[in-house]
2 protein chains.
Amino acid sequence: MTVISLPDREPGQSRYGALASALRARVIAGEWPPGSALPSEQTLASEHGVALGTLRRALELLEHQGLIERLHGRGTFVRAGLAGASMMRFFRFGDRSGEVPHSHILSRKTAVLPAAAARALGLAPGEAALKLRRLRSLGGEPCLLEDIWLPLPLFESLAAGEPSGWSDLLYPLYAERCGVHVHRAVEDIGFDRLIAADARQLGLSAGHPCAKVIRQAFDLAGRCVEHRVTRGDAHAFHYTVSIT
Amino acid sequence: MTVISLPDREPGQSRYGALASALRARVIAGEWPPGSALPSEQTLASEHGVALGTLRRALELLEHQGLIERLHGRGTFVRAGLAGASMMRFFRFGDRSGEVPHSHILSRKTAVLPAAAARALGLAPGEAALKLRRLRSLGGEPCLLEDIWLPLPLFESLAAGEPSGWSDLLYPLYAERCGVHVHRAVEDIGFDRLIAADARQLGLSAGHPCAKVIRQAFDLAGRCVEHRVTRGDAHAFHYTVSIT
DNA sequence: AAGTGGTCTAGACCACTCT
DNA sequence: GAGTGGTCTAGACCACTTG
């Protein structure tokens, strides 16, 4: 049994804190890919030369951070990532809540990043990226229009093939086809007016008020892997947030 | 030393889970008022006849639920409640973030609850409540208009006295004057158009698009103690949310 | 110095899942 | 039944705050 020694801990840092960082690094490095199981607690504890309780403390931390998931009797797993449906949790359109809107890809192309998208993705403006434009509908009625920017070459495998068969949720697709697991996201909700081209897609008139949700999605390592702008009729839009 | 026995636990419930519920009940019953300290871990553990570790587990739960706060070397305290400023955490108006807008009470009266407010507060429509109307400003510019409904007789002490001396944050006032501690809130964000009376207060024209934030605020026991509708210029409004 | 919460350990036993 | 995580205990020692 090889004992993996902990890195020197800064004064004031607990052993389980340092241990959690070490394990987090191993997860991010891909030692245990998303969805797979970590070794058992016993194994990890003796690997790192700590008591079981200390190891469990570290795993608790990682679980609270959303990095891993522990299933009684089964094991400890690296979280597979956000489903994409969980993004709609707080999002409501008209009366229909909980439903995942149907999705139709309007266009897909490689394009030069505009300044805002580049900033969000942490890339230089002018770099090439994959741009998707999606129309989403509820009950046959178009309700949301999305402009999605994806960095290349990470998402190269989405540039080929027929997008009409893609699922309504993109994040499982990112995971399957590109090995990208969306782990966290930040949304900014604002207000705007529709330009003519967007209005046409949504069956509204140019200048119509719209809700504008700008999202950055991040992977396990904290890299921004998606920049998305979603627009929909301001009057049908609702967003619910819980504050503690 | 009197030992407080735990209520019979349902099969499958852990001892620390039951213990947490018991302690939560004692907090809600007011045995230790918000801001005050609980007995020490040692004391609580022997009071309930459990090991220290088990008691600590229970306190951990309550801490995660936001009911208590533990300060190293000082003690365990019942959380005093949301400051009110924390509500603005995700809220941004123009460039100014973090600033608490100055507040001016436009009106205060006892009025009959309209249906929506009654539903939010869990009361019957037609019951009397205290209604506040506030204008909030940043840098001298009016930016937000609030309609606030407070149940009576709980907030009776706010019906008298001069409101011009009230602080910009209402929640500390609720705590001090009415013993009401806001502990959790739910906000619904939507968009609307300003009616003429509201537009005038905000220095905008009738029909101008506005963001509309409807908030329910709850106390420790889970009662809704405030229903608030906030409106502001849609074009200056931003709201940021983090999703995990 | 006394009192508080925080860390760490070691071990027994329980509950769940899979085969 | 073997292997996993979950609970509970008892005790030593550390770190922070207060008087």
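Values below: all heavy atoms of this structure, side chains included; hydrogens, waters and symmetry mates excluded.
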Practice task
At under 4.0 Å between heavy atoms, which parts of nucleotides 1-10 of chain C does protein reach? Answer with one letter per nucleotide, 5' to 3': B base, S sugar-phosphate only, - none.
Solution key: --BBBBBSB-
Handout entry: Electrostatic pair A:Glu41:A:Arg70 at N-O distance under 4.0 angstrom
Key = yes
Fill in the blank from the handout: By ring-ring contact (aromatic ring centres under 6.0 Å, His included), B:Phe237 pairs with (sequence neighbours left out) B:Phe91
Handout entry: Ring centers of B:Tyr239, A:Tyr239 separated by less than 6.0 Å
Key = no
Exercise for the section: Taking all non-hydrogen atoms of both residues into account, name the closest pair between A:Leu158 and A:Leu130 and its distance. Expected result: CB-CD2, 3.8 Å
Handout entry: Passing option when B:Glu146 is tested against B:Arg215, B:Arg134, B:Lys212 for salt bridge (charged side-chain N to carboxylate O under 4.0 Å, His left out)
Key = B:Arg134
